[in-house]
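Hydrogens, waters and symmetry mates play no part in the numbers below; they use all other heavy atoms, side chains included.
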Amino acid sequence: MPKKRITLQHIEKNANRIEYSYYIEGDWEKAFRQENRYFIEYGRDISWCPDSVAVIPFLGNFLPVSWVFDAEIVIPEIDGDFLRSIDEIKRGYQVMYPALEFRGSLCYGQVCENKIAQGTNRSLLFFSGGVDAVSSMLSVLGDTPTLMTLWGSDLYLKDEQGWQVVQESVQQTAERFCLPYTFVKTSFRSVLNEPFLTEAIAKPQHENWWHGFQHGLAIITHAAPFAFLENIRQIYLASTDSVKSKEVYTCASHPTIDNQVRFCGCRTLHEGFEKSRSDKIRQICSFSARTGTPLPLRVCWVTRTGSNCCICEKCMRTLYAILAEGYNPEDFGFSLTPELYQKHLQMLQNGEVRIPVLFWKDIIQKFSSQPQLQANYPAAAWLVQKYPQFASRNPFYQTSVCRPVSVSQMTEKLEKQKLVLFKSPLNIETREKAFQSVGMNTGNQVFAAALNKLLHPDVISWQQYQDGIYDLSPAQAVITTDLIWIHPKSDFDYLYNRLQKIQKPFIPISIGLQSSRFDPGFRLNHSSLKTLAAMQERAVLGVRGEYTASILEKHGIQNLRVIGCPSMYWFQNPDFQFESKNSSVQHALCNFRTFYGTLSRAERHFLTYCANRNLPMIEQTSFSLAPESVNDPACYQYLKKWLDRKTRIYFDTDSWRESLRGYDFMLGARFHGNVIALWEGIPALFLLTDSRTQELTQFFHLPSLRMEEFDRTQPMEFYLEKADYTAFNRSYQRLYENFCEFLRENCLPSP
């Protein structure tokens, strides 16, 4: 009997298209549809992609077939990273299917070590428009991922009309969030005989081939040529299953498989595994509600037209989950009528749609706690009566999902009463005392000045209140800025004690996490959590950005609205548009993160670039450059001499603003240092070094550049051109109105 073998003869690359020529030997031919050509078309030219990279999508599709049939794949060359990951990927399959033997072999010629360019940190997210993909997009927004959508995955290649709908929807979503996007047309599903593979291999494992064996690895590997050419270092694939599931599911997309896939120095993350489907829907709905951003979902696999049929099990599961969270499914891409809701009941009663109860139990439990929903939606009442074992038996749902009582529900209309902001008075007796009085960062003065202009609070010290100098009884609420810098070891017990002592709403402005990156595993300690939990019982919390909001929601803090930073509403005009009138740079300034820790190579290049041009440096903290931060004595001496000459520090915003007049460009990593330049009409380019600045620039669509992408060989005009405020101007009115809504929710006067 001839050996089972697939031999790759040739990879043809023509502009944006890859086509594979191969032949099959042995008695496993039924697993393939050899009459169909295996091709992939990308949204860019891939003709100079190495064969060792171009072969990766071919292997990603055919390796699982070869393993279950104990067959051999023969290829001329392979990427070294991907080769070294194959055994780990296979091990993930073997653990998932212990009753099967995953054998097979790979015969290859040359091993090539392909690497993407150093210093890049770009990412890619596979995006279908479904619940999993949209949730992951919201979770990794800070990385500005390229959205990649495959035609030929869940939508047939012959369905051109449906694909047009999908393209338009993805494009609108990407443009709404200022994300790059790309489309891929692929025949990877049509070259396999899925019915045969399901019957012969998957069905005995209670699976089908696509879901149980193919889709994870096959989808991810489509990114390899694009990632190599676009210098993408991180790939995200949205999770389907969840670690919260008590049941054991088989699925070809799982962390034990997906997280092992790597190529060309690029790694994969199975994103969102910590969230259940209910968690994801809650995240999507709350994001849309608090930002006013439309988020249409594409979940239907029955119609295959790119739209939702609203009567299949998956459509019903999604739309009823949205209802259970207290939102309207019509706001998320479902066209519904009272008659259609009645049809759902009839279909359930007649058994026309069979629901996998394990996937519905969270929905049923939430319905059981909401009599009004049962009264309004007959299918919801039927589900609760049909499955009483899932009814809520404790008050958890009621307290965690229903929004805590807002200020407008707890207080009378007190618009004419005072607001209070506790703030230490400025003390300029010494440099050390001056920094202490502004929270060790002069940028806090910009924040405070904006609050004073927008809300006109009474600014007092805590000591004045303690000493009885100030009567707090007429005050409507306390504005607090204490939570703008939360780290895992933050101690806010003093603030919690103030909450217990003063029984008034404490309204936090711009709550934010401090992290070097967007870490989905960021944990709030007990001190932070109890303080936030107490605050949300009295007020809608103002949060800095979507990353912070997602972490707070994971911890049960849900009475919030993302507002960014009040310094960006200084202009008090929803129609404000920033216009840069300069085409060249005559007089520039710079700023930098605090001189703490070791400087990266890119940071040294940036500082040297500024020193070479003798730019004024606007400093905001008391840290000074240390020799150990540079690790190069000559470079340290050069930078120190420049900083000694050109460093400026301001402890009041009036002097700061006045000093900027006459300059035409600001370049730096300080958010408020750049914002105060905008106050004076000076364009600024934000350099990103941590999650805080990145989160804010992402929210406001401000022009930014990762510090590691700074190129010291470029002229200043190159960076001026990157300071493009088109996206900012397009979104400013919506964000301004969102901020005003936050104020109204807290019974505060709008500016």
Side-chain angles (χ1 to χ4, degrees), residues 404-408 410-411 414 417-426 436-441 443-466 470-487 490-514 524-525 527-545 548-549 552 555 557 559-567 569 672 692 696 739 742-749 751:
V405 178
S406 68
V407 175
S408 60
M410 294 185 65
T411 64
L414 301 170
Q417 293 185 309
K418 296 178 180 178
L419 300 176
V420 172
L421 172 65
F422 288 117
K423 183 178 179 295
S424 299
L426 180 63
Q436 288 175 349
S437 64
V438 297
M440 304 307 294
N441 184 342
N444 292 333
Q445 296 292 90
V446 178
F447 192 104
L451 284 179
N452 287 337
K453 182 178 181 182
L454 296 167
L455 301 178
H456 310 290
D458 283 358
V459 181
I460 67 168
S461 69
W462 180 251
Q463 193 61 48
Q464 285 177 293
Y465 168 70
Q466 291 279 71
Y470 183 89
D471 180 11
L472 198 62
S473 58
Q476 173 189 355
V478 176
I479 304 294
T480 179
T481 62
D482 294 59
L483 295 156
I484 62 174
W485 204 85
I486 302 175
H487 57 82
S490 292
D491 183 356
F492 293 111
D493 285 357
Y494 74 91
L495 188 55
Y496 181 80
N497 292 335
R498 291 181 185 180
L499 275 162
Q500 305 311 304
K501 186 172 184 178
I502 302 173
Q503 293 300 311
K504 293 180 181 293
F506 271 60
I507 305 173
I509 305 293
S510 297
I511 297 170
L513 308 182
Q514 184 64 26
L524 295 175
N525 64 21
S527 177
S528 300
L529 190 54
K530 73 177 181 181
T531 304
L532 290 165
M535 282 184 173
Q536 78 166 352
E537 296 297 330
R538 307 184 195 176
V540 178
L541 313 185
V543 179
R544 183 171 65 203
T548 297
L552 295 187
H555 288 77
I557 307 300
N559 192 27
L560 52 84
R561 180 179 286 269
V562 178
I563 60 172
C565 176
S567 62
Y569 307 113
H672 290 116
R692 177 180 178 274
L696 286 167
F739 178 67
F742 162 76
L743 298 178
R744 286 191 290 269
E745 287 173 328
N746 284 304
C747 291
L748 302 181

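When side chains are defined from C-beta on, Asp491 does not count as touching Asn525, because their heavy atoms never get closer than 4.5 Å. Using a 4.5 Å heavy-atom threshold, the side chains of Ile511 and Met535 count as separate. Here the side chains of Asp482 and Tyr494 are in contact, with some heavy-atom distance below 4.5 Å. Between Leu552 and Leu524, some side-chain heavy-atom pair lies under the 4.5 Å cut-off. Looking at heavy atoms from C-beta onward, Leu495 lies in side-chain contact with Phe506 at the 4.5 angstrom threshold. Contact check for Gln445 versus His672: no side-chain heavy atoms found under the 4.5 Å cut-off. Looking at heavy atoms from C-beta onward, Tyr496 lies out of side-chain contact with Ser527 at the 4.5 angstrom threshold. You'll find the side chain of Pro457 reaches within 4.5 Å of the side chain of Asn452, heavy atoms only.
Contacts of Asp458 classified as side chain to side chain contact (heavy atoms under 4.5 Å, CB included), with partners at least two apart in sequence or in another chain: Lys418, Tyr470. Ser490 pairs by the side chain to side chain contact (heavy atoms under 4.5 Å, CB included) definition with Ile486, His487, Phe492, Ser528, not counting sequence neighbours. Legend: residues meeting salt bridge (charged side-chain N to carboxylate O under 4.0 Å, His left out) with Arg498, ordered by chain and number and at least two apart, are absent.
Closest approach of Pro749 to Leu455, counting heavy atoms only: O-CD2, 4.0 Å. Scanning all heavy atoms of the two residues, the minimum distance from Leu454 to Pro566 falls at CD1-O, 3.5 Å. Nearest approach of Leu499 to Thr531, heavy atoms of both residues: CD1-O, 3.9 Å. Across Leu426 and Ser437, no two heavy atoms sit closer than the pair CD1-OG, 3.4 Å. Here the shortest heavy-atom pairing between Gly542 and Ile563 reads CA-CD1, 3.8 Å.
The closest donor-acceptor contact from the side chain of Thr548 to the backbone of Leu513 lies under 3.5 Å. Checking side-chain atoms of Gln476 against main-chain N and O of Cys747 turns up a donor-acceptor pair under 3.5 Å. A donor-acceptor pair is defined here as one N or O able to donate and one able to accept, closer than 3.5 Å; such a pair exists between the side chain of Asn559 and the backbone of Gln536. No donor-acceptor pair under 3.5 Å is formed between the side chain of Arg544 and the backbone N or O of Leu696. For Asp471 (side chain) and Ser473 (main-chain N/O), a donor-acceptor pair under 3.5 Å exists by modelled atom type. The backbone N or O of Ala475 sits less than 3.5 Å from a side-chain atom of Lys504, completing a donor-acceptor pair. Looking at Ser510, its side chain never comes within 3.5 Å of a backbone N or O of Ile484 through a donor-acceptor pair.
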Evaluate the side chain to side chain contact (heavy atoms under 4.5 Å, CB included) criterion for residues Phe742 and Ile507: first the C-alpha distance (whole Å), next the side-chain angles of each, then the deciding distance (0.1 Å), finally the verdict.
CA-CA 10 Å; Phe742 162 76; Ile507 305 173; 3.8 Å; yes

When you look at Val459 and Leu451, which way does the side chain to side chain contact (heavy atoms under 4.5 Å, CB included) test go after all the steps?
CA-CA 10 Å; Val459 181; Leu451 284 179; over 6 Å; no

Could you walk me through whether Asn444 and Thr481 pass side chain to side chain contact (heavy atoms under 4.5 Å, CB included), step by step?
CA-CA 9 Å; Asn444 292 333; Thr481 62; over 6 Å; no

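Atom-to-atom distance recorded for Lys423:NZ and Ile479:CD1 is 15.0 Å, nearest 0.5 angstrom. If you take NE2 on His456 and CG on Leu421, they are separated by 13.5 Å, rounding to the nearest 0.5 Å.
Between Trp462 and Phe422, the ring-plane angle classifies as perpendicular under the 30° and 60° cut-offs.
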